[in-house]
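This structure is a prediction, so every number in the text was calculated from the model and none was measured.
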Amino acid sequence: MYIKTFDDGEKFLCAGNEYLMLLPRDLTDCCEAVLEKVAAGQRTPPNAHATFNQAYVVLEGEAEITIGEEKRRVSAPAVAFIPKNTNHWVQNVGGVELRYIYITIWSEGIPAREKEGGWRKAYVDMVKDYTDRGYPPERTPR
């Protein structure tokens, strides 16, 4: 069993956005939940995932969510589903910070290489990948 408040989450920064780990993969063996905060006018890097699906739950703000060839503008509250191997990103199109939870779902369990070292190692690798692609490693949290 795992029950925590958002205040118990662990903050980290990546690609210019602030994240808060809410439910780490280390404890579930099948999913992970992370709060992502995107400043007004900013976006997430385009990416696709070969081993998992994702669901977004938009809590605050306005977003333009691109999933594959589809693009849709939404205001909170809203949800989105991203299938495996589908390029996607989120643009904050509002005047305030966008906040959404992304839930990563490994329907066949988390592959060993994505479990080794736990969620912290996975996000260190993600930061390196995005930094190598030209995204800023971090920004000052608000």
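- The CG atom of N92 sits 13.5 Å away from atom NZ of K37, with the distance rounded to the nearest 0.5 Å.
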Please assess E32 against I103 for the test side-chain contact (heavy atoms from CB on, under 4.5 Å), listing each intermediate value before the final yes or no.
CA-CA 6 Å; E32 183 169 88; I103 303 164; over 6 Å; no

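- Rounded to the nearest 0.5 angstrom, L20 CG and F6 CZ are separated by 7.5 Å.
- Of the inter-residue distances, the one linking L35 atom CG with Y19 atom OH reads 11.0 Å to the nearest 0.5 angstrom.
- Put simply, W89 and V38 are part of two different groups of oily side chains (I, L, V, M, F, W, Y) that touch within less than 4.5 Å, one to the next.
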Show me the donor-acceptor pairs, under 3.5 Å and distance only, between side chains in residues 63-73 and residues at least two apart or in other chains.
| unit_1 | atom_1 | unit_2 | atom_2 | d |
| --- | --- | --- | --- | --- |
| R73 | NH2 | E62 | OE1 | 3.3 |
| R73 | NH2 | V93 | O | 3.4 |

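- M126 and M21 fall within a single hydrophobic cluster, where Ile, Leu, Val, Met, Phe, Trp and Tyr are joined by side-chain heavy atoms under 4.5 Å apart, directly or via other members.
- Nearest heavy atoms, A40 versus G94: CB-O, 3.5 Å.
- Between atom SG of residue C30 and atom CD1 of residue I105 there is a gap of 9.0 Å, rounded to the nearest 0.5 Å.
- How far OH of Y130 is from SG of C14: 6.5 Å, rounded to the nearest 0.5 Å.
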Do W119 and V34 pass the side-chain contact (heavy atoms from CB on, under 4.5 Å) test, and can you show the C-alpha distance, the side-chain angles, and the key distance before you say yes or no?
CA-CA 11 Å; W119 75 266; V34 179; over 6 Å; no

Could you go through D125 and R113, starting from their C-alpha distance and side-chain angles, then the distance that decides it, and tell me whether this counts as side-chain contact (heavy atoms from CB on, under 4.5 Å)?
CA-CA 12 Å; D125 293 346; R113 66 176 166 39; over 6 Å; no

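- Between the side chains of N47 and H88, at least one donor-acceptor pair of N or O atoms lies under 3.5 Å.
- Listed by chain and number, the residues in a salt bridge (charged side-chain N to carboxylate O under 4.0 Å, His left out) with D8 amount to none (sequence neighbours excluded).
- Nearest heavy atoms, E36 versus T44: OE2-CG2, 3.2 Å.
- Inter-residue side-chain proximity for W106 and T104 is flagged as met; some heavy-atom pair is nearer than 4.5 Å.
- Using the six-membered ring where Trp is involved, Y100 and Y102 have ring planes that are tilted, between 30° and 60° apart.
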Could you walk me through whether F52 and R25 pass the side-chain contact (heavy atoms from CB on, under 4.5 Å) test, one step at a time?
CA-CA 12 Å; F52 55 82; R25 69 185 71 186; 5.9 Å; no

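- To the nearest 0.5 Å, the span separating OG on S107 from CG on N53 amounts to 5.5 Å.
- In this structure, K84 and A50 approach most closely via the heavy-atom pair CD-O, 3.5 Å.
- The shortest distance between side-chain heavy atoms of F12 and V127 does not fall below 4.5 Å.
- Clustering ILVMFWY residues whenever any of their side-chain heavy atoms sit less than 4.5 angstrom apart, transitively, puts L22 in the very cluster that holds L59.
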side-chain hydrogen bond (donor to acceptor under 3.5 Å, both in side chains) evaluation trace for T51 with E114:
CA-CA 9 Å; T51 62; E114 294 178 41; 2.6 Å; yes

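- Looking at R133 and P46, their side chains come closer than 4.5 Å, going by heavy atoms from C-beta outward.
- Note: the hydrophobic cluster containing I101 does not contain L23 (ILVMFWY, side chain heavy atoms under 4.5 Å, direct or indirect links).
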